[in-house]
2 protein chains.
Amino acid sequence: MTRERSPLTPESSVPTLADVARRANVSTATVSRCLNSPDQVIERTRNRVMDAVNELGYAPNFSARALAARHTNTIGAVIPTMDNAIFARGIQAFQEELGRHGFTLLVASSSYKEALEEEQIRTLAARGADGLLLIGYHRNPALHEFLRARSVPALVAWAYEVDSDIPAIGFSNRNAMADLARLVFEKGHRDIGMISADTKGNDRARDRLAGVRLAAREAAIDVDRMPVIETTYSIESGMQAFRQIMGWTPRPTAVFCGNDVLAIGALKAAKEMGLSVPEDVSITGFDDIEIASLAEPALTTVHVPHREMGRRAAGMLIDMVTKRTVPESVELQTDIRLRRSLGPPKT
Amino acid sequence: MTRERSPLTPESSVPTLADVARRANVSTATVSRCLNSPDQVIERTRNRVMDAVNELGYAPNFSARALAARHTNTIGAVIPTMDNAIFARGIQAFQEELGRHGFTLLVASSSYKEALEEEQIRTLAARGADGLLLIGYHRNPALHEFLRARSVPALVAWAYEVDSDIPAIGFSNRNAMADLARLVFEKGHRDIGMISADTKGNDRARDRLAGVRLAAREAAIDVDRMPVIETTYSIESGMQAFRQIMGWTPRPTAVFCGNDVLAIGALKAAKEMGLSVPEDVSITGFDDIEIASLAEPALTTVHVPHREMGRRAAGMLIDMVTKRTVPESVELQTDIRLRRSLGPPKT
DNA sequence: TATGAAAATGTAAGCGCTTACATTAAGGCG
DNA sequence: CGCCTTAATGTAAGCGCTTACATTTTCATA
């Protein structure tokens, strides 16, 4: 025979606000206030409620709260991938700072796919993110429209353009790369090549390439015959691309890499090919991840303050969300780390 | 004078299910079905509904859905930090696999703080995570109790113990390290030291240390006088620790590092001290992150299949959540990558 | 001690969905 | 051409919270 059980007291179900209220002999409103604005309730009652909370092991249901309160204290971020030191580092700092202010982070990654990014943004909005951190400017304009309609503020990071009307924190990838390139040209290099990350849907990569071209033009170098290879983010791809680019005529005496990971690959390939760096060929990177200064020879690269960017992005976004205000974009300073991998060309 | 506006048609508010239903001339139930189990509604109506959805730019409210449906298709993960290649890599794979099955990932990081981890776990549960990925076994048992009470299945990763009753995917840090240590002892080393990550609240670090001790005991080496330095996860800390450990008497001829990052630091410090590796001192790591094979000399280390672990963890967790079943723990194979940084001691 | 403002608490109406159950429409068959 | 089964759709009751507003309590002051 089936055991009978009162449906009114379902055993071991998770406690709700109402359970707490009942046990503490107060209304649900009071319990809610104890949790959200404790100073609105007198100490005696508050203690009673808190005791009930502890005894019951009560934890508020987030969805219900979000539904009723219409905000979530949650910030979403859509990054290309976590498996990339620069984002991992920046996002970690971002999260720490958010946590310090009682916000939670929701991360999604798009694997550098534009369509996926769009979906993730919509998902995050649907999940009630109060604000969004996005990487780079390049995306379907309808998306910003969508976010505006739902009044979800968005901040762009890892990029900076003076004239954009959407707030950002970052640096000019183009200018930073151009600075580095000028230095390379000053050393006397005329035959150069570039290994770039895939520029399709990645405006940072595009801007870095543009930076090299800009400086090249200034130095009266024929940009059109500069070999440019686009490839994916990995040491292995960097190696392949490097081998390929060194087959070019005239053979480059300096190879720009769109990021440090590609540069490390190039360095490794050079070593395998029996070329010495920088005597036979100079190699530069971008990002200044830890490995850059450890490589042999150490890598000349552009230093980017990833953690600072993450931390400050958090602050800005929190302001945008709580004060409903649109901040000035901030431009971070990058600087060139001149290390052994760059030298003058062989004469 | 204030403009009058019907409160029934608040302009520009975000569309709801009811709006869609009204526009498509069906009930809210039908709209809901179109979205969640499309084959339950006849094509003609479905098209009508979908059109309305598109025209309105409707996106379902996640919180409301979660509240009503009592599940979220969300998996939570609490990792020590994202700023660590092994977690970043594993979690990235984890997320990709979850995405492939329509699940979303929520990541929180605990900065290796036990209390913070506990809070994050509770938060994730409150946010309605259908399942949780946790790193390592070590934590307040009450937490597993808490999760059981709310019937939130949890899977432990990056660790594996035969006798534990909570499901896990990982490897035995102790055995893996012991294997490596045996190899080191076979080479003839008797004076050894270890640079470990902080073992407080980090059972992986503890197990790796235990592995070295185990193998040492087998080799009849006096474990008690082995210098062990615990430090934080960074190249810089690795350098400092190495300098310190090399001051020990007798000076170690081989130094075990709890992870590759510390080992890279040790390598760097050795170079600075004018010691050549492995002639003057052998150094080993753990994890086999990319940098390990790139270092100079390349690092002998334990290879761990992080991406595979992430991917399979996702599969297991999805099963646990959807089938409400408790899987067998799976032990992944690690293997030793013998590279230049390990050699016999000077005679 | 009566009085009224301020503080504390309670009441109850949603928030936007899902889903059990009720109702209606559509076929298949004798 | 009714009758019954099955497929499609509708109705409405929550899910667990927050919060505007109503009510009660407290307490300084006259």
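Below, chains carry the letters A, B, ... as their sequence lines are ordered, and counting in each starts from 1.
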Engineer: Under the 6.0 Å and 45° cation-pi test, does Arg311(A) pair with Phe94(A)?
Structural biologist: no
Engineer: Want to settle it: does Thr30(A) or Arg70(B) sit nearer the 5' end of DNA chain D, counting the closest nucleotide to each?
Structural biologist: Arg70(B)
Engineer: Which residue lies toward the 5' end of DNA chain C, Asp39(A) or Leu35(B), if each is placed at its nearest nucleotide?
Structural biologist: Asp39(A)
Engineer: Would you kindly say whether Thr72(B) and Arg127(B) are connected by a side-chain donor-acceptor distance under 3.5 Å?
Structural biologist: no
Engineer: Within the 4.0 Å heavy-atom criterion, would you say Thr16(A) contacts the bases, only the backbone, or no part of the nucleic acid?
Structural biologist: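 Sugar-phosphate, backbone atoms only, no base.
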Engineer: For the residue pair Ser32(A) and Arg65(A), establish whether any side-chain heavy-atom pair is separated by less than 4.5 Å.
Structural biologist: no
Engineer: With a 4.0 Å cut-off on heavy atoms, is Leu17(A) in touch with a base, just the backbone sugar-phosphate, or nothing at all?
Structural biologist: base
Engineer: Please compare Ala69(A) and Asn36(B) by the position of their nearest nucleotide in DNA chain C and report the one closer to 5'.
Structural biologist: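 Of the two residues, Ala69(A) wins.
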Engineer: Below 4.0 Å from chain A heavy atoms, what is the first contacting nucleotide of DNA chain D and what is the last?
Structural biologist: dG16(D) to dT19(D)
Engineer: At under 4.0 Å between heavy atoms, what does Ser63(A) touch on the DNA or RNA strands: base, sugar-phosphate, or nothing?
Structural biologist: nothing
Engineer: Answer yes or no: is there an ion pair linking Asp51(B) with Arg48(B), defined by an N-O contact shorter than 4.0 Å?
Structural biologist: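 No, no charged N to carboxylate O under 4.0 Å.
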Engineer: Do Phe103(B) and Thr74(B) come within less than 4.5 Å of each other through their side chains, counting heavy atoms only?
Structural biologist: no
Engineer: Looking at every strand, decide which applies to Ala29(A) at a 4.0 Å heavy-atom threshold: base, sugar-phosphate, or nothing.
Structural biologist: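 Touches a base.
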Engineer: Quick one: does Gln120(B)'s side chain have a donor or acceptor within less than 3.5 Å of a partner on Ser109(B)'s backbone?
Structural biologist: yes
